[in-house]
Protein chains: 2
Amino acid sequence: MKDQQDDGCENVHAAIQDTLYVVNGKWKLVILSILVNGGTRRFGELSRESGISPRILTKELQELEINQLVKRQVCNTKPVTVEYSSTPYAETLKEVIDAMIRWGRNHKRKIRGQ
Amino acid sequence: MKDQQDDGCENVHAAIQDTLYVVNGKWKLVILSILVNGGTRRFGELSRESGISPRILTKELQELEINQLVKRQVCNTKPVTVEYSSTPYAETLKEVIDAMIRWGRNHKRKIRGQ
DNA sequence: GTAACCAGTTACATAAATGTAAGTAGTTAC
DNA sequence: GTAACTACTTACATTTATGTAACTGGTTAC
């Protein structure tokens, strides 16, 4: 009777900040949207597709891996390639990702219309 | 036939980044969740409730106001008070906010269980 | 052995976000 | 006139995020 319906305050703040802590910054949700909605990518593909420089991309992917949202797999190809894919847990973020995609599209439409 | 279903790439990135541009940072979604789910607050109330210092809170509220997500109203009380409330447009962010609240709660449960 | 491709890494620089502490200005109560 | 309350504002310091450019180490093709 305090954890379940204390929506007046702290519970909500903490929940939002817990989420932000995991998907903070300019890039994490972009990366996740590619992997969740588009499937597996290699390092170079992700970098070119998203426009994220290697340095940042490495860091972001590591952080996502730590939080079990991304899986890294080294492939035994001639020049070694590395495949990144979203985990089942990352799929639980789809709701957030898709809501943001919808809102962003609608917002751009709104701005243009003004 | 390019704007409607080009979900493979850029459209999605842009949409997410457009949203992030408006609700970036540690605090904007926290503030919005208070106002959207909890109703009107005064400046001091918001500061105490959220733990945001006056300097930051002023800046965040101004940015939210510029994006028409928050309405500022000066009240003719003895010590002048200022009321902040969410706009109808902010309500369209409820989907995003609530998805993040749900995910954050679930995530904390998951982390504790490990 | 030289060039090219992969997946990073390193060093460096800058920009943006956030925080702390103290001060301002107007009003009211004592 | 002093203290207290409101809503900020200012100056300053620090932390965090992001970017750029060049370099490493391994493999393959010529």
Side-chain angles (χ1 to χ4, degrees), chain A residues 13-14 16-35 39-67 69-86 100, chain B residues 13-14 16-35 39-67 69-86 100:
Chain A
H13 308 178
I16 288 182
Q17 296 201 311
D18 288 345
T19 301
L20 288 176
Y21 183 80
V22 173
V23 297
N24 54 43
K26 259 174 98 171
W27 299 120
K28 292 213 179 65
L29 285 170
V30 171
I31 294 169
L32 284 173
S33 81
I34 294 176
L35 298 180
T40 299
R41 296 290 145 93
R42 293 197 326 224
F43 185 86
E45 289 175 333
L46 264 181
S47 182
R48 269 170 270 126
E49 242 178 80
S50 61
I52 311 177
S53 70
R55 195 187 81 88
I56 304 295
L57 185 55
T58 302
K59 191 194 123 235
E60 304 282 275
L61 287 170
Q62 283 171 353
E63 292 174 2
L64 289 171
E65 211 191 339
I66 287 171
N67 286 308
L69 295 169
V70 156
K71 193 184 145 211
R72 190 185 109 112
Q73 182 168 11
V74 181
C75 303
N76 236 341
T77 47
K78 316 17 152 17
V80 164
T81 56
V82 180
E83 280 183 359
Y84 291 92
S85 49
S86 59
M100 290 188 74
Chain B
H13 307 181
I16 288 181
Q17 297 201 310
D18 288 345
T19 302
L20 288 177
Y21 182 79
V22 173
V23 295
N24 54 43
K26 263 174 93 171
W27 299 120
K28 293 214 178 63
L29 284 169
V30 170
I31 293 169
L32 285 173
S33 81
I34 294 176
L35 298 181
T40 299
R41 297 290 145 92
R42 294 198 325 224
F43 184 86
E45 289 175 333
L46 264 181
S47 181
R48 269 169 268 126
E49 242 178 80
S50 61
I52 311 176
S53 69
R55 197 188 80 88
I56 305 294
L57 185 56
T58 302
K59 192 194 123 234
E60 304 283 273
L61 287 170
Q62 282 172 353
E63 292 173 2
L64 289 171
E65 210 189 342
I66 287 170
N67 286 309
L69 295 169
V70 156
K71 194 185 145 212
R72 190 185 109 112
Q73 182 169 12
V74 180
C75 304
N76 238 341
T77 47
K78 316 19 158 10
V80 164
T81 57
V82 181
E83 280 183 358
Y84 291 92
S85 50
S86 59
M100 290 188 74

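Listed by chain and residue number, nothing satisfies the salt bridge (Lys or Arg N to Asp or Glu O under 4.0 Å) test with Lys71(A) (two or more places apart in sequence, or in another chain). Not counting sequence neighbours, the partners of Asn24(B) by the side chain to side chain donor-acceptor pair (under 3.5 Å) test are Lys28(B). The side chain to side chain contact (heavy atoms under 4.5 Å, CB included) test applied to Glu45(A) returns Arg41(A), Arg42(A), not counting sequence neighbours. Contacts of Leu20(A) classified as side chain to side chain contact (heavy atoms under 4.5 Å, CB included), with partners at least two apart in sequence or in another chain: Ile16(A), Leu29(B), Met100(B). Every side chain to side chain contact (heavy atoms under 4.5 Å, CB included) that Pro54(B) has, sequence neighbours left out, goes to Phe43(B), Ser47(B). Under the rule for a side chain to side chain contact (heavy atoms under 4.5 Å, CB included), the partners of Ser86(A) that lie at least two apart in sequence or sit in another chain are Leu35(A), Val36(A), Ala90(A), Glu91(A). Applying the side chain to side chain donor-acceptor pair (under 3.5 Å) test to Thr81(B) and every residue at least two apart in sequence or in another chain returns Thr77(B).
Taking every nucleotide of DNA chain C with any atom under 4.0 Å from a non-hydrogen atom of chain A, the first and last of them, 5' to 3', are dC6(C) to dA11(C).
Counting heavy atoms from C-beta on, the side chains of Gln17(A) and Trp27(B) come closer than 4.5 Å. Counting heavy atoms from C-beta outward, Arg72(B) and Leu61(B) have side chains that stay 4.5 Å or more apart.
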What string of B, S and - do you get for nucleotides 5-23 of chain D, 5' to 3', if B is base contact, S is sugar-phosphate-only contact and - is no contact with any protein heavy atom under 4.0 Å? -SSBBBB------BBB---
Dot-bracket for DNA chain C, please. Rules: Watson-Crick or G-U, both distances under 3.5 Å, ( ) within the strand, [ ] when a pair crosses earlier ones, | for another strand, . otherwise. ||||||||||||||||||||||||||||||
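Residues in residues 76-85 of chain B take part in no salt bridge (charged side-chain N to carboxylate O under 4.0 Å, His left out) pair, two or more places apart or across chains.
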